[in-house]
Amino acid sequence: MQRIADIITKEIKAAGNKLWEVEIDNKQIQIQKTRKEFSGDLTIVVFPLVRYAKSSPEDTASALGNFIKEHCVEIHDYNVIKGFLNLEISKEYWLDFLSGLNDIADYGVTRGNGPLDMVEYSSPNTNKPLHLGHIRNNLLGFSISQILEAAGKTVKKVNLVNDRGIHICKSMIAWQKFGNNETPESTGIKGDHLVGKYYVKFDQEYKKEIAALQEKGEEKKLAENNASLMIEAREMLRKWEAGDKEVRSLWKTMNSWVYTGFDETYEQMGVSFDKIYYESETYKLGKEIVLKGVDDGILIKEDDGSIWADLTQNKLDKKLLLRSDGTSVYMTQDVGTAHQRFAESGFDKLIYVVGNEQNYHFQVLKIVLKNLGFNWSDKLHHLSYGMVELPEGKMKSREGTVVDADDLMDEMIETAKSMSDELGKLGNYSEEEKNNIYRQVGLGALKYFILKVDPKKNMMFDPKESIDFNGNTGPFIQYTYARIQSVLTKAGDVSSIVPEIEMNEKEVELAKLVYEFPDIVSDAAESYNPAIIANYLYELTKEFNQFYHDFSILNAETETSKLFRIQLAGNVGKIIFKGMSLLGIEVPERM
RNA sequence: GGUUCCGUAGCUCAGCUGGAUAGAGCAACAGCCUUCUAAGCUGUAGGUCCCGCGUUCGAAUCGCGGCGGAAUCACCA
């Protein structure tokens with residue numbers, strides 16, 4: 001079935017030829033949804049066409065309207081208000097469309113093995129549990145992967161775990177000194193939380209030590225450097241690099257605790273990966289590329305042996321790529337991993353889901369790769385998202401002012417439970433079924449809350465006010481889905497042939513929204529923005545609830561109307577299901 | 001100071017590839033359950049779209065300049 005906007009575009013061009021003997025440029029053709037307060041479905045903005053017609057906007061609109069109405073069966077009528085030509089699409093077109101829907105298995109989804117999009121997200125440090133900021137990252141990364149796949153891409157989700165470095169040594173030192181051989185088993189504490197506890201412990205003890213040194217008259221900078229804990233942590237990192245057996249063994253043990261904990265968190269969050277990279281295995285990558293860059297005269301070697309990229313041509317600073325002792329930095333490694341990934345997979349896009357604090361890093365990364373002669377650097381895309389802010393300000397892991405991911409998810413589920421119990425609609429369900437619904441609703445609320453916001457914007461999270469379950473929320477959409485399922489169950493099996501009926505206004509509105517879904521999916525994919533899906537689903541759901549309130553489905557005036565409404569409700573339900581799954585949100589059959 | 005992003009109702013957010021009288025939700029107030037799930041629906045109230053200039057038939061949307069906020073500019077990752 002041809003999309004209506006394409007049909008109209010063609011008609012406008014034809015009208016240009018016939019009426020005014022001109023070729024109308026596609027850029028001058030503006031078709032948009034008619035605003036609610038006017039009658040019509042689609043609106044052509046005629047101002048840009050006035051110069052072709054050489055008459056007033058009103059006359060141009062009328063002439064065009066007449067032409068289209070005559071030549072185009074899909075357009076039933078039109079009206080002109082100022083320079084706006086409002087077109088009324090025939091009910092037959094919508095009925096046709098809805099009939100065709102039954103033959104489409106996965107409406108809104110483009111199938112096929114499209115080009116490979118690699119999405120890197122999550123990328124946690126292994127010294128502390130995940131917090132609210134990670135939640136935004138994980139939800140975005142997972143959701144955008146789902147969306148890209150629905151837009152026909154082949155998607156590979158990857159996670160680059162930062163499992164080495166001074167921060168992990170800090171946890172290790174603190175555990176050695178103060179841990180009394182605690183393990184997740186001996187304490188019952190989740191592994192990532194246990195390790196995180198010692199990361200915080202390190203910082204506390206470290207601060208005490210600095211204060212003590214300052215007390216003795218040492219300067220702050222010196223005190224920070226000379227504190228024995230820090231010296232020990234640095235020594236441990238050195239030993240780690242040298243492959244010291246004991247250090248490596250402790251490192252492995254504590255990391256394995258963390259991974260077990262992360263796996264639980266990921267599972268609860270509903271996210272997954274196709275491949276996990278470990279920085280301990282990749283951190284040496286990139287060095288050769290950098291050295292070759294020096295040979296090729298692209299990079300600069302300073303007298304002390306350090307290697308730099310001069311980006312002053314690009315209005316940026318110089319950037320270090322190898323330390324004077326020959327070791328890699330973050331950038332070196334990213335150059336290496338990107339190169340390796342391209343060599344392995346020849347990705348069409350490599351999407352990094354990373355916070356906007358790294359904007360500069362990725363800007364530099366692209367330029368450095370480009371300068372080194374890798375033309376595929378254009379294929380890198382930094383999906384930069386804003387910080388999650390708390391009312392008191394920024395979250396700081398070390399100071400314990402974080403909203404822990406596990407705690408937050410548990411609280412959400414608990415809230416969903418008490419809310420649901422109060423409403424008491426799940427009477428005859430088993431405990432297991434109930435718990436599953438609490439989980440779906442609680443996490444649905446959290447996920448939707450985060451994903452409905454434009455990724456690039458900073459967002460505010462107030463733990464005290466927590467997250468709503470009413471209004472523009474996940475549970476609102478889930479609730480609508482559950483209502484639809486309830487109706488469908490009661491309706492039983494019905495014919496899939498769409499009856500010829502005279503649709504009412506609400507039914508047309510819903511048909512129009514259903515019609516939009518595929519465009520919404522491709523929009524979201526192109527702009528890497530799950531919020532587009534979320535906001536669309538809200539609009540669709542709101543419209544459905546109004547319809548549901550105003551008209552009875554099962555007690556419709558006529559049998560054909562009943563059949564039509566059941567089918568329409570079914571289609572809305574399918575879109576909610578699919579759309580929510582693109583957000584990584586489950587929908588319950590009842591709630 | 002340089003760079004990037006953000007600034008829309010009391011609060012949280014849509015709308016931004018220029019288009020008609022700027023929209024939701026929350027909070028407040030007033031209604032709607034004997035009828036398909038009231039986690040719903042309806043209504044009232046709430047605006048200098050940060051400010052200024054410019055481009056345009058037309059600017060919340062584009063450009064420039066301010067103001068305010070965030071991030072970043074390490075031989076950390």
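Reminder, nothing fancy here: chain letters follow the sequence lines and each chain counts from 1.
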| message | Let's test your reading of the model: under 3.5 Å, does the base of B/A20 pair with the side chain of A/Asn86 as donor and acceptor? | response | yes

In whole angstrom, give the distance that lies between atom [atom1] of [X] and atom [atom2] of [N].
X	N	atom1	atom2	answer
A/Ile477	B/G40	CD1	P	11 Å
A/Asn458	B/U4	CG	P	17 Å
A/Ile450	B/A14	CD1	P	14 Å
A/Leu42	B/A20	CG	P	16 Å
A/Lys170	B/A77	NZ	C1'	11 Å
A/Asp519	B/U17	CG	P	16 Å
A/Gln358	B/A74	CD	P	13 Å

Atom pairs, protein N/O to nucleotides 35-37 of chain B N/O, distance under 3.5 Å:
from	atom 1	to	atom 2	distance (Å)
B/C36	O3'	A/Lys490	NZ	3.1
B/C36	O2	A/Ile553	N	3.2
B/C36	O2	A/Leu554	N	3.0
B/C36	N3	A/Ile553	N	2.9
B/C36	N4	A/Tyr548	O	2.2
B/C36	N4	A/Phe551	O	2.5
B/U37	OP1	A/Ser486	OG	2.6
B/U37	OP2	A/Ser486	OG	3.2
B/U37	OP2	A/Lys490	NZ	2.9
B/U37	O2'	A/Tyr479	OH	2.2
B/U37	O2'	A/Arg483	NE	2.8
B/U37	O2	A/Lys425	NZ	2.7
B/U37	O2	A/Met591	O	3.4
B/U37	N3	A/Met591	O	3.0
B/U37	O4	A/Met591	N	3.2

| request: Please collect all side chain to side chain donor-acceptor pair (under 3.5 Å) contacts where either partner lies in residues 433-452 of chain A, sequence neighbours excluded, each pair once. | output: A/Asp421-A/Tyr438, A/Ser430-A/Glu433, A/Asn436-A/Arg439, A/Arg439-A/Glu586, A/Gln440-A/Glu586, A/Tyr448-A/Asn472

Minimum-distance nucleotide (side-chain atoms of [X] versus [options]):
X	options	value
A/Glu357	B/A71, B/A22, B/A70	B/A71
A/Lys457	B/A77, B/A14, B/C41	B/A14
A/Asn545	B/U21, B/A14, B/G40	B/G40
A/Val453	B/G40, B/A77, B/A14	B/A14
A/Asn125	B/A20, B/U3, B/A77	B/A77

NA contact type, [X], heavy-atom cut-off 4.0 Å: base, sugar-phosphate, or nothing?
X	answer
A/Thr43	base
A/Phe84	base
A/Phe469	base
A/Val50	nothing
A/Gln32	sugar-phosphate

| note | Quick note, salt bridge (Lys or Arg N to Asp or Glu O under 4.0 Å) partners involving residues 531-540 of chain A, not counting sequence neighbours, are A/Lys33-A/Glu539

| remark: The side chain to side chain donor-acceptor pair (under 3.5 Å) partner of A/Thr126 among A/Asn255, A/Asp192, A/Asn162 is A/Asn255

| Ring-face cation contact, A/Tyr385 with A/Arg136, 6.0 Å cut, 45° max | no

| Complementary nucleotide of B/C32, counting Watson-Crick and G-U pairs under 3.5 Å | B/G40

| task | State the pairing partner of B/C64; accept Watson-Crick or G-U wobble contacts with both distances under 3.5 Å, and report none otherwise. | result | B/G52

| said: Please tell me if A/Gln546 has a side-chain N or O lying less than 4.0 Å from either OP1 or OP2 of B/U42. | reply: yes

| What integer number of Å spans the C1' atoms of B/C16 and B/C6? | 13 Å

| task | Could you give the distance separating B/G43 and B/U35 at their P atoms, to the nearest angstrom? | result | 23 Å

Scan nucleotides 55-57 of chain B against the protein and return all N/O pairs shorter than 3.5 Å with their distances rounded to 0.1 Å.
none

What N/O pairs connect the protein and nucleotides 25-29 of chain B at under 3.5 Å? Give each pair on its own line.
from	atom 1	to	atom 2	distance (Å)
B/G25	OP1	A/Lys542	NZ	3.2
B/G25	O2'	A/Asn472	N	3.3

| Nucleic acid contacts of residues 521-534 of chain A, taken as heavy-atom distances under 4.0 Å to RNA chain B | none

| Is the closest side-chain donor-acceptor distance between A/Ser39 and A/Asn79 under 3.5 Å? | yes

| query | Say you draw a straight line from OG1 of A/Thr480 to CG of A/Leu540; how long is it, rounded to the nearest 0.5 Å? | reply | 9.0 Å

| Stepwise salt bridge (Lys or Arg N to Asp or Glu O under 4.0 Å) check, A/Lys456 with A/Asp454 | CA-CA 6 Å; A/Lys456 71 171 179 257; A/Asp454 186 338; 3.8 Å; yes

